[in-house]
Amino acid sequence: MLKKLNDGLHDLRLDAGLPSARSIRDRIGQDSQGYWIVSHQAVLDTFQRPDLPKMGRLELIVAVLSEDSGHDDSEGEVKRFKGLWKQAYDETVAQASVQPPSEAAASDGSDEAGIPTDSVDAPGQDAEEAHQRSPQGTAADEDTPPDVDEAAARVNYAEESLKGLIINAAQALWDDKDALRVFLGVVRRGEGFVKMADAVGESRPANATYYGVKSREFEVAPSPARHELVMLHRLLQKHRVKRQWSFTYLGEKTGIPSDAWIRWYAHDELPTREAVVAFSHVAHLMLEDHVLLLGLWEAAHETLEAQRGFEDLPERVSFDEAWSMRDPATPALWALAGIAGEERRAYGPDLATGIAPAFVVAGPPGSGRSTALVNISRALLAANARVVLVAPRASPLRELAVQSGVVDCFVRDELGSDELGGALSSASPEEPIVVVMDDAEILENCDAGRLLKSVVLHGFEEGRALVVGCREDRLPFRFGWAGETKKAHRGLLLSPQERSTGDVVGIRIGDSITGWPIAPGRGWLHLGDGKLLPVAVPG
C-alpha cells in the first residue's frame, strides 16, 4: 500500500506539470507570522523519505497538486490519499518485526515500524518547528558523550542490501505459495533472519523502494529503459493476477522456467521475446493487447541495445582515425558526425540529400558541440567542398579560417545579409558551399536571417547547405530562420538533458537518454530514419 501511495503521489505531481518543491511550498503559503506552513525541504521529504509522510503535509500537498492538475473534486482526492495513508500505516505497523533481532532499535524519534511518532501533524507544524529550531543544535546533541563508538552506529549496507533483496523477492513470490515457502525456508537458515522470514510470510511486504527514490541500501543503477520496462511488467502482472497464475503454473504453461519469470519480476529485467510471445499465447490475449505487449518489448529492447552500444564506444578517437573509417564512396557534402557500431564505422549526414540541406548539433555547455562542428568542417574540406564559418563567440571553428576551401569566417555577434550573400554568391549545385555556424542562438535575429532561411528552403537548387550548433538550454528553434532547420529532421544530440531537445532533430526522446551526466564527445545521431544511433565524436 505504501507503493500505491507512492505511485499515486508521483502521478498526481506529473499531472500537475511536475512543479518544484519550492513552487508547491509557495502555493501552500505562509502562516500569520510569515513562516512557511510547509517548507520546501518538508515537501522534498514527502516525496523522498523512506517512511510515511506526515498526514498534515500530505493533505496540503495533495490539495495543491489536485487543483493544479485540474481535478474536478480536489476534496475527493484529499480523502482518497488520506485513505491510502491510513492503509499504508496499518500495513507498515504489521511489518514492524521485519528487522533481524541483531539490528539496533531505532533512535531517531520513530516507533518500531519506522513511522515518526508525530506522523499525524497539524498543517502548521512545520512553521512551529521553524520557530523552535535552535541554530546551536538540539539538547540531544549537547548530551551526546564524546566517546560514542561511531563504528557501532554505522549501517551495515551489505546486510541492508540483503534485506532489500529478501523483501523484493518475497513480494514477487507472494502469489506462488510453494515457491515462497521454499524461498523463506532458505532465508531462515541465515542467522538473524528468522523473524524477517516469518514476517514477510504472514503479510505481503511493501516494496523496498519508497517515494520515487531508492534508499542507499537498495541503490542500483537505473535501467536505461526504465519507463518501457515498468509498462511491460505492469501489463504482464495485470494479466497474470487476473488469471490467478502462480509463477510455478506460469512456468508450466509457457515452457519458460518459473525461476526465470521470478528473476525478471524481482530484478526488473527484460524477459525474452519468446517468453512474452508464449505468455500472450497461453493467456489468449486480444489482438490489441498482444500488439501492445510486443510493442513495449520492442521499445525496451531497442533502448537497451542502444545503451549498450553507447557504453561500448571508444574512450577517444582522432579525426584521422575516424576519417579512415568512412565509406570511400562518400559524396562531397558528407559530414562526419561520429563513429559507432562494433565494426567502428563513421557516420554522418549527406547534406546534398534528405528533406532539407541542414543539420543541427545541440547539447549543453561542455558536451563537445564546437568539436563536432570542427569535425564536420574538416570532413567537408577534406572532400574538397567549400565552407563559410560563422563563430560569433570564441570557438575552435575560427582556427580553420586559414584552411584551403574556407570562403570566409565571420566572428562578430551580428551577421549582415550582404556580407553572407557575398560569401555564398559563387555557390552552385556543381560547386556547393556549406555554412557552418557555432552558437547559433546569438544570431537568431540577425540581419541575414532571411538569407539563412532561403538556404534551408532552396539550398538544393542553389548549391547551399547549413550546419548549426546551439546550446541546449538556449535553443532558438521556435520561429524565424532557425526554426526552419527542424525541417531537415536530422542532427546530433550531445548529452541531452531535456526531452524537448529531440524536437530540433525530428525525433522524440525519453528518459532513457536524457538527464545523464554530461560526457563530452558522446551523443545520439539521427539521420532522418527515425532511429537514434549512439556515436563517439572524434576529438
Side-chain angles (χ1 to χ4, degrees), residues 1-95 108-111 113-131 133 171 204-215 218 226-227 230-231 234 238 511:
M1 191 52 64
L2 185 58
K3 184 178 186 300
K4 187 174 182 180
L5 177 64
N6 163 32
D7 292 341
L9 196 60
H10 281 272
D11 287 343
L12 188 60
R13 181 169 174 250
L14 180 62
D15 293 340
L18 292 174
S20 67
R22 294 182 186 277
S23 297
I24 297 174
R25 176 203 66 182
D26 294 346
R27 290 275 285 107
I28 294 174
Q30 299 175 329
D31 64 8
S32 59
Q33 296 178 321
Y35 288 90
W36 294 112
I37 296 175
V38 178
S39 68
H40 84 278
Q41 185 59 53
V43 176
L44 286 176
D45 288 346
T46 303
F47 284 92
Q48 296 179 350
R49 286 285 299 274
D51 48 24
L52 276 173
K54 295 183 178 181
M55 174 69 86
R57 293 177 185 172
L58 182 68
E59 289 183 59
L60 293 171
I61 292 171
V62 169
V64 167
L65 294 178
S66 59
E67 289 177 6
D68 291 349
S69 60
H71 278 278
D72 296 331
D73 186 10
S74 296
E75 292 184 4
E77 274 297 280
V78 173
K79 290 181 180 179
R80 183 172 74 87
F81 274 87
K82 286 176 66 176
L84 291 174
W85 187 96
K86 292 176 181 177
Q87 294 179 59
Y89 178 90
D90 293 339
E91 181 182 79
T92 310
V93 169
Q95 297 171 19
D108 58 354
S110 302
D111 62 16
I115 299 176
T117 54
D118 59 345
S119 60
V120 182
D121 63 336
Q125 186 164 336
D126 287 318
E128 183 180 350
E129 291 171 354
H131 275 294
R133 188 176 296 115
Q171 185 190 56
R204 185 171 189 169
N207 198 306
T209 299
Y210 304 91
Y211 289 92
V213 296
K214 289 182 172 60
S215 302
F218 308 129
R226 179 65 185 164
H227 176 71
V230 168
M231 294 298 292
R234 282 181 179 175
K238 169 187 172 183
D511 295 335

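By convention here, the first residue in the shown sequence is residue 1.
- Annotation: side chain of T46 is in contact with side chain of R57 (closest heavy-atom distance under 4.5 Å).
- Two residues are said to be in side-chain contact when any heavy atoms from C-beta on lie closer than 4.5 Å; W85 and P53 meet this criterion.
- In this structure, L12 CG and L65 CG are separated by 4.5 Å, a value rounded to the nearest 0.5 Å.
- Distance check: E59 CD to K82 NZ gives 4.5 Å after rounding to the nearest 0.5 Å.
- Across V64 and R27, no two heavy atoms sit closer than the pair CG1-CB, 3.6 Å.
- Under the side-chain contact (heavy atoms from CB on, under 4.5 Å) criterion, Q30 pairs with W36, sequence neighbours left out.
- Within the 4.5 Å cutoff, no side-chain heavy atoms of D68 are placed close to those of I24.
- Going from atom CD1 of I61 over to atom OG of S66 covers 11.5 Å, rounded to the nearest 0.5 Å.
- With sequence neighbours excluded, no residue satisfies side-chain contact (heavy atoms from CB on, under 4.5 Å) with K79.
- For the residue pair I37 and L60, the shortest heavy atom distance occurs at CG2-CD1, 3.8 Å.
- Atom CG of L58 is separated from atom CG of L5 by 6.0 Å, given to the nearest 0.5 angstrom.
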